[in-house]
Amino acid sequence: MFAKQIQENMNGMKKYVFLISLLLCKIGTAQVSDNLSLYRTDFKDVSGENTVSVTSYEKNGKHYIYAGGFGDIDVFSLNAQGKLSHVESQEQYKKKGPARGMVADNINGNDFLFVANKHGDAIEVYKILEDGALEQVFMIHDTEEIHIGIGITLQVVHMKNASYLFAGGLEKTPGLSCFKIHEDGKLSHVQSMKDDDKIHTDGIIGMFVHKIGGKTFLYTGGFQDNGISSFRVYESGKFKNINNISDNTSDRYLTGTYPVTGAQIGSNYYVIVGHRHHKYYKRSGFIKNTDFVYHGDAVSVFKVNKKGELVPHSVLIDDENTKLQGQTRIEVISVNNKEAIIAVGTRDDASIQLCKLNEQGILSPINYLEAGFPIYYGLRSLKIDDAYFLIAGSFEFGVRKIAAYKVGIEDPSNSSKVLKHVVGFKFKADANQEEIDEALESFVNLKNKIPEISKLEWGINNSTEGLSKGFEYCFTITFNDVHGREIYVFHKAHLAVGKKIVPLLDDVFVMDYWTKE
């Protein structure tokens with residue numbers, strides 16, 4: 001009887017998964033997009049101190065993830081189920097980095113990863129090998145003529161007969177530079193434009209490219225000078241300024257202009273701009289212009305006219321129902337003729353906010369996930385088969401994690417339930433009982449260190465059926481929602497306890513399920 005019930009439940013689940021798959025095939029429709037959520041599929045350790053930048057690349061039908069921060073660049077593969085597998089760790093120039101503005105692309109049949117080495121004052125070029133691993137092939141250092149000191153952002157621009165790499169950073173003499181990319185990965189300088197009071201290139205952290213009517217336009221955000229600029233790029237790689245939009249104290253939200261992306265929806269071209277307001281920076285002397293006004297957080301949408309000029313269009317203002325404080329990365333997940341689905345990564349809200357941009361250029365929130373760690377530019381979207389994923393890395397030193405999330409349909413039945421997290425420990429036969437007791441006490445004490453744990457109960461195995469497989473201690477932790485679980489998983493207190501317990505364990509199991517209280 002019990003087996004029959006299980007089979008019926010499994011058949012029901014298969015039908016549910018099938019229906020979800022059908023819905024995901026229509027990811028562009030309002031009915032589906034309004035219910036999208038994020039579901040973590042995997043997470044892995046990174047060798048660097050943290051994650052600052054993340055990008056991805058498809059090669060030979062496989063998808064590779066490149067995560068860089070202070071320390072090495074870690075290479076992972078990502079499969080269709082959202083599982084990460086470590087490929088290698090690549091040492092950066094000066095063994096520090098951090099790796100910023102990473103972008104991977106194909107140049108005349110060769111695959112390269114371009115990395116701005118922030119504290120190395122250099123751009124590193126790596127060849128992407130057959131298994132996704134990296135091999136350094138070129139490096140260019142900062143000079144008085146080019147603006148790649150404290151390098152932050154890179155953008156590849158493909159023209160008809162050549163490809164170019166644009167670079168910007170946070171140096172004392174900021175500006176925008178262009179380099180021609182040769183098929184062996186070498187870079188040759190084409191043009192540099194020094195920052196002035198007109199253009200917004202002081203602290204370029206975000207760049208995006210639109211091609212409109214056969215013309216190529218590049219958009220840059222100025223973190224220090226609080227604005228956004230548009231440039232026309234020519235076949236030679238030369239570029240000129242088109243127009244500039246500055247912050248104000250009323251309806252614009254460009255103080256600390258940070259991520260810049262865009263989308264074409266139907267015949268309309270949009271540029272989407274976020275900011276991490278200067279009020280969030282505590283480091284003395286870092287912000288050049290401290291005469292700023294804070295009137296909230298928002299994501300700004302600009303419409304692009306036929307001349308490539310930016311025109312203020314709409315804003316999505318942060319409120320009690322959104323997570324937009326300290327935006328550091330905006331990723332376009334999917335685009336069709338009616339709407340674009342985007343993800344906004346935040347450092348100060350430590351969340352990923354899903355939004356929808358409609359054909360009229362109006363941005364509206366969908367759902368958010370509290371990631372449990374701050375995101376600092378390290379967010380990347382990609383598609384594998386018919387599935388959409390986001391990869392996010394923790395900027396927090398000591399956490400050293402990168403996580404994969406699937407974009408899917410929220411199960412409405414979970415809204416009236418609580419989430420149970422079950423953990424079982426099987427200690428090694430030679431583990432000292434005093435050490436075991438100390439480890440158990442530390443785990444129990446998590447309820448006092450992580451407020452998101454609404455309830456924690458545990459006990460020692462008392463079964464007489466002989467099916468416990470050596471597991472002696474079982475914990476059941478209750479969370480009121482999925483956000484609580486994410487915060488718990490990546491909480492420093494939980495990670496510290498894990499380091500203490502894992503060496504004592506012979507085995508561990510973890511199960512989660514939704515239930516009514």
Side-chain angles (χ1 to χ4, degrees), residues 100-101 116 118 121-123 140-155 157 164-180 187-210 215-234 236-262 271 273-278 281 283 285-293 300 302 304-305 307-312:
R100 295 295 302 263
K118 181 177 178 181
D121 293 333
I123 296 175
I140 185 170
H141 297 273
D142 187 40
T143 69
E144 293 183 359
E145 291 77 31
I146 58 179
H147 305 282
I148 59 174
I150 313 182
I152 298 292
T153 303
L154 302 176
Q155 177 71 52
V157 178
Y164 301 94
L165 185 70
F166 281 79
L170 282 168
E171 61 180 319
K172 293 180 180 179
T173 56
L176 177 65
S177 293
C178 175
F179 303 88
K180 184 177 181 179
L187 304 175
S188 58
H189 183 240
V190 175
Q191 179 189 353
S192 289
M193 184 178 292
K194 187 177 180 180
D195 184 65
D196 57 28
D197 293 336
K198 179 184 176 183
I199 61 176
H200 296 291
T201 56
D202 189 348
I204 299 174
I205 302 183
M207 285 194 276
F208 185 76
V209 176
H210 266 311
K215 298 178 180 179
T216 301
F217 300 98
L218 175 71
Y219 303 94
T220 66
F223 170 81
Q224 292 281 11
D225 51 11
N226 308 321
I228 187 166
S229 294
S230 59
F231 298 88
R232 171 80 187 276
V233 181
Y234 296 92
S236 63
K238 298 283 187 178
F239 57 97
K240 73 172 184 178
N241 181 232
I242 302 297
N243 84 318
N244 310 281
I245 296 177
S246 300
D247 190 32
N248 62 22
T249 59
S250 56
D251 60 346
R252 295 183 192 166
Y253 297 82
L254 297 174
T255 301
T257 303
Y258 213 108
V260 178
T261 190
V271 172
V273 182
H275 71 127
R276 185 168 192 258
H277 198 279
H278 290 168
Y281 286 85
R283 189 180 357 152
F286 177 62
I287 301 301
K288 293 181 180 179
N289 180 11
T290 57
D291 184 23
F292 55 78
V293 175
S300 302
F302 297 87
V304 183
N305 64 22
K307 297 180 181 179
E309 298 170 331
L310 293 164
V311 180

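The chain is numbered in sequence order, starting from 1.
- At least one side-chain heavy atom of R252 sits under 4.5 Å from a side-chain heavy atom of D247.
- A donor-acceptor contact shorter than 3.5 Å links the side chain of H275 to the backbone of T255.
- Counting heavy atoms from C-beta on, the side chains of K307 and F217 never come closer than 4.5 Å.
- Nearest approach of K194 to I199, heavy atoms of both residues: O-CD1, 3.7 Å.
- Contact annotation: the side chain of N289 never approaches that of D225 to less than 4.5 Å [non-hydrogen atoms, C-beta and beyond].
- Once rounded to the nearest 0.5 Å, the distance linking OG1 of T153 with OH of Y258 reads 8.5 Å.
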Trace of the side-chain contact (heavy atoms from CB on, under 4.5 Å) decision for R100 with I205: CA-CA 9 Å; R100 295 295 302 263; I205 302 183; 4.0 Å; yes

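- Taking the side chain as every heavy atom from C-beta outward, H147 and S192 approach each other to under 4.5 Å.
- Nearest heavy atom pair, residue L176 against residue M207, reads CD1-SD, 4.0 Å.
- Here the side chain of H278 pairs a donor or acceptor atom with the backbone of F223 at under 3.5 angstrom.
- In this structure, the side chains of F166 and F231 stay at 4.5 Å or more apart for every pair of heavy atoms.
- Between the Y164 side chain and the S236 main chain, a donor and an acceptor come within less than 3.5 Å of each other.
- The NE2 atom of H200 sits 9.0 Å away from atom CG of D195, with the distance rounded to the nearest 0.5 Å.
- Nearest heavy-atom pair, I204 versus G175, reported as atom, atom and distance to 0.1 Å: CD1-O, 3.7 Å.
- More than 12 non-hydrogen atoms from other residues, nucleotides or ligands lie less than 6.0 angstrom from NZ of K288.
- Atom OG1 of T257 sits about 10.5 Å away from atom CD1 of I245, to the nearest 0.5 Å.
- Taking 4.5 Å as the limit, some side-chain heavy atom of I242 sits within range of a side-chain heavy atom of R232.
- Between atom CD of residue Q191 and atom NE2 of residue H189 there is a gap of 7.5 Å, rounded to the nearest 0.5 Å.
- Between F302 and Y219, the ring center distance fails the sub-6.0 Å criterion.
- Taking both residues in full, the closest heavy atoms of A167 and L154 are given as CB-CD2, 3.6 Å, listed atom of the first, atom of the second, then distance.
- Using a 30° and 60° split on the angle between ring planes, F286 and Y281 fall in the tilted class, from 30° to 60°.
- Between V311 and V304, every side-chain heavy-atom pair lies at or beyond the 4.5 Å cut-off.
- The side-chain heavy atoms of F179 and I123, taken from C-beta on, include a pair separated by under 4.5 Å.
- In this structure, N241 CG and D196 CG are separated by 8.0 Å, a value rounded to the nearest 0.5 Å.
- Side-chain N/O atoms of S229 and N244 include a donor and acceptor closer than 3.5 Å.
- Rounding to the nearest 0.5 angstrom, the gap separating the OG1 atom in T220 from the CG atom in D202 is 11.0 Å.
- Counting all heavy atoms, side chain and backbone alike, G237 lies closest to C178 at O-SG, 3.3 Å.
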